[in-house]
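Reviewing the structure listed below.
Just so it is clear, the model here is predicted, and its values are computed rather than measured.
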Amino acid sequence: MTEITGMSESGGIRVEVYPGGALSSLSLDRRAMALGSRGLSAAILATLTEATAVANQRTKAALREALDGLGEADLSLLGLNQDVALTERAESTTPDSWRAS
């Protein structure tokens with residue numbers, strides 16, 4: 001079984017999350033530490049949000065492939081919904097092999 005995660009990196013912050021946003025790893029470098037406490041908190045949350053969108057989009061693709069007929073409402077009930085703009089960014093990270101022909 002393949003483990004699905006989402007990763008995002010920005011401004012010295014790198015996060016990896018499982019679907020739904022459970023944190024798998026968090027790395028900070030000097031650039032991130034220079035943001036100050038409020039800036040760092042906001043940047044971590046933004047990076048987590050983007051990584052979660054990636055993980056959720058990958059999960060959606062895997063579930064649609066495995067469970068033919070699964071709709072957006074079903075995926076939403078599983079907590080796999082997010083902002084449209086984040087979905088579009090996350091979709092750009094979806095491997096071509098997962099895309100519908």
Side-chain angles (χ1 to χ4, degrees):
M1 183 168 163
T2 302
E3 184 176 272
I4 297 175
T5 61
M7 194 274 294
S8 182
E9 191 167 358
S10 177
I13 300 166
R14 182 185 183 283
V15 298
E16 186 172 18
V17 299
Y18 296 107
L23 187 62
S24 171
S25 68
L26 170 66
S27 300
L28 307 172
D29 72 16
R30 286 183 211 162
R31 292 174 295 158
M33 300 309 290
L35 295 173
S37 61
R38 286 190 179 152
L40 180 59
S41 296
I44 288 172
L45 288 176
T47 308
L48 280 168
T49 299
E50 189 152 324
T52 300
V54 170
N56 287 352
Q57 194 64 25
R58 289 178 177 171
T59 301
K60 285 180 179 184
L63 286 172
R64 280 193 183 110
E65 184 177 309
L67 304 171
D68 190 30
L70 196 63
E72 197 63 37
D74 301 312
L75 294 168
S76 183
L77 287 172
L78 294 171
L80 298 173
N81 54 333
Q82 70 251 355
D83 177 89
V84 173
L86 285 175
T87 298
E88 289 173 4
R89 276 190 278 180
E91 181 64 26
S92 70
T93 70
T94 302
D96 287 335
S97 63
W98 289 8
R99 296 183 189 277
S101 307

- Task: Going by the side chain to side chain contact (heavy atoms under 4.5 Å, CB included) test, name the single residue among Leu45, Ile44, Asp29 that passes it with Ile13.
- Result: Ile44
- Query: Are any of the side-chain heavy atoms of Leu28 and Met33 separated by less than 4.5 Å?
  - Reply: yes
- Message: Quick one: does any side-chain atom of Asn56 pair with a main-chain N or O of Pro19 as donor and acceptor, under 3.5 Å?
- Response: no
- Note on the structure: All heavy atoms of Ala55 vs all of Gly6, minimum pair found to be CB-N, 3.4 Å
- Between CZ on residue Arg14 and OG on residue Ser8, distance to nearest 0.5 Å: 9.5 Å
- Among the clusters formed by ILVMFWY side chains lying less than 4.5 Å apart, do Val15 and Ile4 turn up in the same one? no
- Message: Test your reading of the model: is there a side-chain donor-acceptor pair from Arg58 to the backbone of Thr5, 3.5 Å cut-off?
- Response: yes
- Message: To the closest 0.5 Å, what do you measure between CZ (Arg31) and CG (Leu40)?
- Response: 12.5 Å
- Which distance, rounded to the nearest 0.5 Å, do you find between the CE of Met7 and the OG of Ser24? 11.5 Å
- Message: Rounded at 0.5 Å granularity, tell me how far OH in Tyr18 sits from OG1 in Thr52.
- Response: 13.0 Å
